[in-house]
Colleague: 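I have a structure I would like to understand better, so I am pasting it below and will then ask my questions one at a time.
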4 protein chains.
Amino acid sequence: MAPTTRQPAEHPDPPAAVPPPPARGKGRPRSAAADLAILDATREALAELGWGGLTMGDVAQRAGVAKTTLYRRWPSKSELVVDAIASLFDQLECADHGSLQADIEAVVARFAELLSLPETQAALLALFAEGTRDLHLRRRIRERIVQPQKVLVQLGLANAQARGEMDPELDPAGAEEEIDIIFDTIAGTVEHRLLVSGEPVTPDWVRRFATLLLNPFPGLLH
Amino acid sequence: MAPTTRQPAEHPDPPAAVPPPPARGKGRPRSAAADLAILDATREALAELGWGGLTMGDVAQRAGVAKTTLYRRWPSKSELVVDAIASLFDQLECADHGSLQADIEAVVARFAELLSLPETQAALLALFAEGTRDLHLRRRIRERIVQPQKVLVQLGLANAQARGEMDPELDPAGAEEEIDIIFDTIAGTVEHRLLVSGEPVTPDWVRRFATLLLNPFPGLLH
Amino acid sequence: MAPTTRQPAEHPDPPAAVPPPPARGKGRPRSAAADLAILDATREALAELGWGGLTMGDVAQRAGVAKTTLYRRWPSKSELVVDAIASLFDQLECADHGSLQADIEAVVARFAELLSLPETQAALLALFAEGTRDLHLRRRIRERIVQPQKVLVQLGLANAQARGEMDPELDPAGAEEEIDIIFDTIAGTVEHRLLVSGEPVTPDWVRRFATLLLNPFPGLLH
Amino acid sequence: MAPTTRQPAEHPDPPAAVPPPPARGKGRPRSAAADLAILDATREALAELGWGGLTMGDVAQRAGVAKTTLYRRWPSKSELVVDAIASLFDQLECADHGSLQADIEAVVARFAELLSLPETQAALLALFAEGTRDLHLRRRIRERIVQPQKVLVQLGLANAQARGEMDPELDPAGAEEEIDIIFDTIAGTVEHRLLVSGEPVTPDWVRRFATLLLNPFPGLLH
DNA sequence: TGATAAACGAGACGGTACGTCAGGTCTTAAT
DNA sequence: ATTAAGACCTGACGTACCGTCTCGTTTATCA
């Protein structure tokens, strides 16, 4: 979560599902402006310098803030970047486009759009890489970045069911694994195409990919 | 390519598609043993410390070699790791298991196996992340890691055609894009499942994934 | 000058003839203890290892200080050594021993004593050698090491005049060159004897040398 | 000694007063041209880069010679520089100018001239500094550089005696110390003036210095 | 209104790793 | 056996960031 809301205690880790009581402490309250400035500076620096080039000192300077202020809020570079990037994923949504194919295409296109931003390009894989080792970070990433996407898949399937495109008896419990597999496929494929293969995601590619998912393998006899 | 074969010039970058003339340089030849020791040490250190914990000095020490010897061969940590990891991908192969479904399952399982090695876990995403910025590195990664996998897909489809499972008129030229899409899907999905979602790749999952690729979306009416 | 007094700006080069306004810088103030520890460690290391064996890393370790702290204060090994050695020359003084001959003998003996310390032995010529190329360093050396000695010569001559040993009309302006020549002679000769010829400076030698300066060449007829 | 004459054995340390028998070794003879080229290159590099800037690799390259060839002849940088510089001191001589004053002035002027060469400036003090620690080097320096100067002083005094300027009974044995003192004075003073004080040695200064040595202190009453 | 307390900027601190460089040794093939 | 070439090990270099700390200052709440 963006640490904008004051946390009297330490680092703002806990999900804070319940917004903590304002907890008006005694001292000087944390500057909300600083948080925004820092996150903006982080995104800017990411787009400019990439993950490797990003330094805490530089972010602090861009944000017009002391390094101490950064560390008071985020315990490490990775956590800072999670929050800086995560907000971009808040805009994901899944309108009903009338067919499962159309919905999938929309989701894929929107996700590809996000992954084409310089700051996301620079940060996403690096974050995932760090998450490979740091369990705590991995949890943060899942909450803030992965989960919002997964929800879209669930929503899309629910919509399809509602439209009568799908067998209405699948979802409730047993489809859990099916959702996972579809989600990993969509997210992983788009990431791999854009960030590893380095090829663009065109509308045509989106259509073909969605078709591959929904239909029998093209050219396959029987 | 592994820099084992001496390169009279600088870093052993060029693909050297044509095996360079033995190029008997004048001075003392580079020690082939050193190359092997370094690559081994790199894999060992990767598995132990992860990407972030890997330092050139440490690798040099493990390999019983001076730091300068590392830098004489690889210009950076990333390039070294590409070569260290790449050799693991050389073992990929695509035996004919009798059906496209079986072949795909075999490839996916083998790839997942590779991605489960500690050294690969630690390195792969980090490499991809670096490649996002460094064009030269990206080329190296593609040549040494991505391409060997892609070849498997081509092989698999050719085998399917030979077995008569597929329309024999698809392959030659037009399927280029189809191969890309399938490849990104297989590679991306497995990576995402293992390294991002952090879920294991079980035989059951492999079967379901292959089924998803080859058949209509499960539960989809019409 | 010893960089003990904080300088808000960069390296503490300027003579700071005017004691700088307390210059309460904004950040954490430099540790005065660190300066002392570093200079002590430098002298210790010099005496032990000599100029060539002295390394910044070793000094830092002896002083219980990070290498960066050294470089924050002194831009190079030479400048550090100048300051470390210079303080030893602060103790030079010129008491009135009743005659010019006695005064010269005292100065020579005291200077020889300084040059016999292991740390001075190791450092002085090396410093002078570096000063040959580095103009800035040469200035530092002159201010901190050479000048204090020269002052002694001036004092000695003034005392002699006051005692009526010398023509009272010489000093004011014209003697400038005379002072230079005497100074170079005393300093150069003692250095050469001790550091190049490698012979000791005994009281007898001191007496003979002072006699040579003040009287006609021994054995010379007329 | 310049290692120009072939030494089949190891480093050319021994004085080799007697030119060793040609000693036709078995293999390829050492290139005499290489020695000259190396010494020239050393002097050139010294004048250009100073002691600190001089590297064995650079000298080898300038001389068109492999580094190995350098080390086969000289065991270290300092020893190489001693030989490179020493030859310059071979030209010192002491013609009889008719008076002790004139002879001293000539010697001082000639020595100052030598010390004004860029290569000497760069090397002399550095050599002396190294000699402070390395006993072997100090011996080499004394033989090749210091001794030739000291001989001049002896010669000058002998000439003065022959001319009847000096008490003829002083020299033979007892003057040993006197010669040392005069020598240290002349050499040390000129070095200090040129290399430490950084002032030029003008004819006027030479005259004043010689006068100081031979006559009572100027301005001294009685 | 004044004490208390926390956040703030600045920047020094001890560290660790970096990538480079020079010294001096060695292993080649060629002479 | 010596040569030129150049790889090798060693170890210091000076720099860059890290994350922590210590200052003096500012801004709020509570008494």
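Below, chain A is the first sequence line, B the second, and so on; all start at residue 1.
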Colleague: Go through the structure and list residues passing side chain to side chain contact (heavy atoms under 4.5 Å, CB included) with Ser31(B), not counting sequence neighbours.
Modeller: Ala33(B), Ala34(B), Arg73(B)
Colleague: Write down the distance between CZ (Arg30(B)) and P (dC9(F)), rounded to a whole number of angstrom.
Modeller: 12 Å
Colleague: Establish whether the base of dC21(F) is bridged to the side chain of Arg28(C) by a donor-acceptor pair shorter than 3.5 Å.
Modeller: yes
Colleague: Going by heavy atoms closer than 4.0 Å, what residues in residues 59-68 of chain B are next to DNA chain F?
Modeller: Gly64(B), Val65(B), Ala66(B), Thr68(B)
Colleague: Nearest-Å distance, CE (Met56(B)) to P (dT15(F))?
Modeller: 22 Å
Colleague: Side-chain contact, heavy-atom cut-off 4.5 Å: Arg30(C) with Thr69(C)?
Modeller: no
Colleague: Determine whether Asp35(B) and Asp83(B) make a side-chain contact, defined as any pair of heavy atoms from C-beta on separated by less than 4.5 Å.
Modeller: no
Colleague: Does dG24(E) have OP1 or OP2 under 4.0 Å away from a side-chain N or O of Arg73(D)?
Modeller: no
Colleague: Show me, pair by pair, the donor-acceptor contacts under 3.5 angstrom made by side chains of residues 53-63 of chain D, not counting sequence neighbours?
Modeller:
| unit_1 | atom_1 | unit_2 | atom_2 | d |
| --- | --- | --- | --- | --- |
| Thr55(D) | OG1 | Asp58(D) | N | 3.1 |
| Asp58(D) | OD2 | Arg62(D) | NE | 2.9 |
| Arg62(D) | NH1 | Glu44(D) | OE2 | 2.6 |
| Arg62(D) | NH1 | Glu48(D) | OE2 | 3.2 |
| Arg62(D) | NH2 | Glu48(D) | OE1 | 2.9 |

Colleague: Determine the minimum heavy-atom distance between Arg138(A) and Gly131(A), stating which atoms define it.
Modeller: NE-O, 3.4 Å
Colleague: Using 0.5 Å steps for rounding, measure from the CG atom of Leu137(A) to the CD1 atom of Ile141(A).
Modeller: 4.0 Å
Colleague: Which comes earlier along DNA chain E counting from the 5' end, the contact point of Ser76(B) or that of Ser76(D), where each point is its nearest nucleotide?
Modeller: Ser76(B)
Colleague: Please report the distance, rounded to the nearest Å, between NZ in Lys77(D) and P in dC21(E).
Modeller: 16 Å
Colleague: From OH of Tyr71(B) over to C1' of dA7(F), roughly how many Å is that when rounded to an integer?
Modeller: 18 Å
Colleague: Leu49(B) CG to dT16(E) P: how many Å, rounded?
Modeller: 15 Å
Colleague: Whole Å only: how far is the CD1 atom of Ile38(C) from the P atom of dA12(E)?
Modeller: 13 Å
Colleague: Closest-nucleotide mapping onto DNA chain F: is Ala34(B) or Asp58(C) further toward the 5' terminus? I mean the 5' end.
Modeller: Ala34(B)
Colleague: Of the candidate nucleotides dA10(E), dC13(F), dC8(F), which contains the atom at the shortest distance from the side chain of Lys26(C)?
Modeller: dA10(E)
Colleague: Please give, in whole Å, the distance from dG11(F) P to Leu54(C) CG?
Modeller: 17 Å
Colleague: Is the closest side-chain heavy-atom distance between Trp51(B) and Thr132(A) below 4.5 Å?
Modeller: no
Colleague: Within the pair Arg72(D) and dT2(F), is there a side-chain N or O less than 4.0 Å away from OP1 or OP2?
Modeller: no
Colleague: What's the CH2-P distance between Trp74(B) and dG19(E), to the nearest Å?
Modeller: 15 Å
